[in-house]
Every structure is written in structure tokens, then in C-alpha cells.
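Report on the following structure.
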Amino acid sequence: MAEEQPFDLLAVAQAFVHKGYQASVFAAAEEAVHYLQSQIQGVSVGFGDSATLQKLALYEALSANNQVIDPQHPKTGQDFFTVAKQCLLTQVFITSVNAASVTGELVNLDGTGNRVAGSLFGHEKVYFVLGRNKLTGSLDQAVWRTRNVAAPQNAKRLGLKTPCAVTGKCSDCNSPDRICNGLMIYLRCMQDIKMEVVLIDQDLGY
Ligand code: SF4
């Protein structure tokens, strides 16, 4: 299934606003990082596993003015599950998505569930930070991208023992390392929680 590019990010942002999200658009990653630094100050911040956030060095950018917790960061110094649970109790939660539709839906695939769990409930605000490469023309294409592009690339990035980490293609494996366990489609902004979609006009993450 071919992916359509490029999309009008301002129009995409409007689609998310229509579904109850706040939305912001930035031409470059540096601008988005500065924006997030200005918006997030003096709070606890939990991270959901994300190559995009790593690429932005967001942990370092936010740590000066916040208590930031990232289960994947080398400075964390504790085991993944302990830190991932702490991330569920922070004031702010930041993650990315595996795909987003220009019609205003987000899609995430999760192996352990911490990323999806943290993105749904319990925080004052959730940010979804994503590059233009995550955008697709429809929800069906977003789900397809998640299973056939994002998951194999993330399996390879994480050094997992899955067929897709070698072949680059999903074979719906039964591997103990399988990361495709829970598929979350965010149809609209959840009730009683602020959620912002931060769109960046660069390719970021997988
Ligand atoms: S189901 Fe298995 S082979 Fe397919 S993308 Fe997920 S981890 Fe890779």
C-alpha cells in the first residue's frame, strides 16, 4: 500500500482540532523542541518509548526545568518496568505514534503496553510528537503503516529477535520478542484530558 506525500500539515492540524485535540505545526525539530520547553515547566514528565523523542533529545531539553522520567534513557539507572510504571503517574506524558491519518486518527502498536497505557489516562496533558513521515491518507493506511513499516523498523532498531528485524517484513510472528501485541487507534481526544498533536515537517522516527 503506497503512502501519499506530502500533506498540508496545517490542514492535518485542523483535522485533529476538529477531533478535540490541540495541535501545533513546526517547520523544524528545533522549533518544536523550543515550543515544548516553553510549554512544559516545573512538572513531572513521563516518556513513552519513542525514537522520535530520542532524535529530538527531548529528555535533555526538558530536564533543566522538569522532573523527566524515560524508561529507555541510559541515565535512568533502574529497570525498564520500574521506570515505565513511574511514567504512568506523571503530570505530563509525552510519546509519539506509529502512524497518523490526515483525517485525524492516531495509531500506536505496543509490546508491553506502557506507551499506550500512559497515553490514555491519568495525566494532566499528553503530547503526541510526530514527523511528517508518520502521516498517511487514511486510517486504513495508518494501520497498515504501523504493522508493515513502523513495527519491523522498530524491531530492528531495538535489536529484537524477530523475523522482521532481519527481513524488514512482518510475518505475524510468534516470537517471544514480538512487539505487535496491542494496537491502539485514537479515534478522538479522550475525555477529561488535554491532548496535543505536535506535527513537525521533517522525517522523524519510524
Ligand atoms: S508480528 Fe512479529 S514479525 Fe510482524 S512486525 Fe511484529 S514483531 Fe515483526
Side-chain angles (χ1 to χ4, degrees), residues 1-7 12 46-56 58-59 69-74 76 78-85 87-88 93-121 126-187 190 195 197-200 202-206:
M1 186 179 289
E3 294 185 58
E4 302 170 41
Q5 294 280 357
F7 296 109
V12 175
F47 275 33
D49 328 17
S50 164
T52 297
L53 302 188
Q54 290 177 354
K55 181 76 174 175
L56 298 181
L58 206 56
Y59 179 95
I69 312 169
D70 177 359
Q72 287 194 317
H73 198 280
T76 297
Q78 291 176 283
D79 70 280
F80 177 90
F81 284 95
T82 299
V83 182
K85 284 179 185 175
C87 289
L88 302 179
F93 189 82
I94 303 182
T95 189
S96 188
V97 293
N98 295 128
S101 164
V102 297
T103 49
E105 292 96 7
L106 303 168
V107 181
N108 256 333
L109 193 61
D110 209 339
T112 60
N114 63 297
R115 166 155 134 155
V116 163
S119 69
L120 289 173
F121 180 78
V126 173
Y127 291 89
F128 297 100
V129 182
L130 58 139
R132 65 189 175 196
N133 54 313
K134 302 288 182 71
L135 294 175
T136 65
S138 68
L139 175 57
D140 282 348
Q141 287 176 314
V143 173
W144 184 90
R145 183 189 194 282
T146 296
R147 292 299 313 275
N148 295 284
V149 178
Q153 291 186 1
N154 275 314
K156 184 176 182 181
R157 171 178 69 93
L158 296 168
L160 302 178
K161 293 183 175 64
T162 62
C164 61
V166 177
T167 66
K169 294 181 180 177
C170 176
S171 56
D172 198 15
C173 72
N174 197 29
S175 163
D177 275 359
R178 176 177 166 130
I179 55 174
C180 307
N181 296 327
L183 181 68
M184 175 65 200
I185 297 173
Y186 309 78
L187 296 173
M190 303 301 289
M195 293 182 151
V197 179
V198 179
L199 298 163
I200 303 172
Q202 285 182 220
D203 291 349
L204 294 163
Y206 303 105

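Below, all heavy atoms of this structure are taken into account, side chains as well, without hydrogens, waters or symmetry copies. Both counts, for ligands and for their atoms, begin at 1 and track the order of listing.
- Relative orientation of the Y59 and H73 rings is parallel, given thresholds of 30° and 60° on the angle between their planes.
- Of all atoms in ligand 1, listed by their number and element, those nearer than 4.0 Å to a heavy atom of I179 are 7 (S).
- Look at C170 and atom 6 (Fe) of ligand 1: no N/O/S atom of the residue is under 2.8 Å from the metal.
- Listed by number with element, the atoms of ligand 1 under 4.0 Å from a non-hydrogen atom of R178 are 1 (S), 7 (S).
- Protein heavy atom closest to atom 6 (Fe) of ligand 1, with residue, atom name and distance, is C180 SG, 2.2 Å.
- Side chain to side chain, D110 and N181 fail the donor-acceptor criterion of an N or O pair below 3.5 Å.
- In terms of protein heavy-atom proximity, atom 8 (Fe) of ligand 1 is nearest to C164 SG, 2.3 Å.
- No option in T136, V107, L109 other than V107 meets the side-chain contact (heavy atoms from CB on, under 4.5 Å) test with V143.
- Between the side chains of N114 and T112, at least one donor N or O lies within less than 3.5 Å of an accepting N or O.
- Closest approach of A100 and L130 over heavy atoms only: CB-CD1, 3.7 Å.
- Of all atoms in ligand 1, listed by their number and element, those nearer than 4.0 Å to a heavy atom of A151 are 5 (S).
- The ring of Y186 has its center closer than 6.0 angstrom to the ring center of F128.
- Atom 2 (Fe) of ligand 1 has an N, O or S atom of C173 inside 2.8 Å of it.
- Residue contacts with ligand 1: S171 is included, with a non-hydrogen atom under 4.0 Å away.
- Using a cutoff of 4.0 Å between basic side-chain nitrogens and carboxylate oxygens, D140 and R145 are not scored as salt-bridged.
- For ligand 1 and D172, the ligand atoms under 4.0 Å from any heavy atom of the residue are 1 (S), 4 (Fe).
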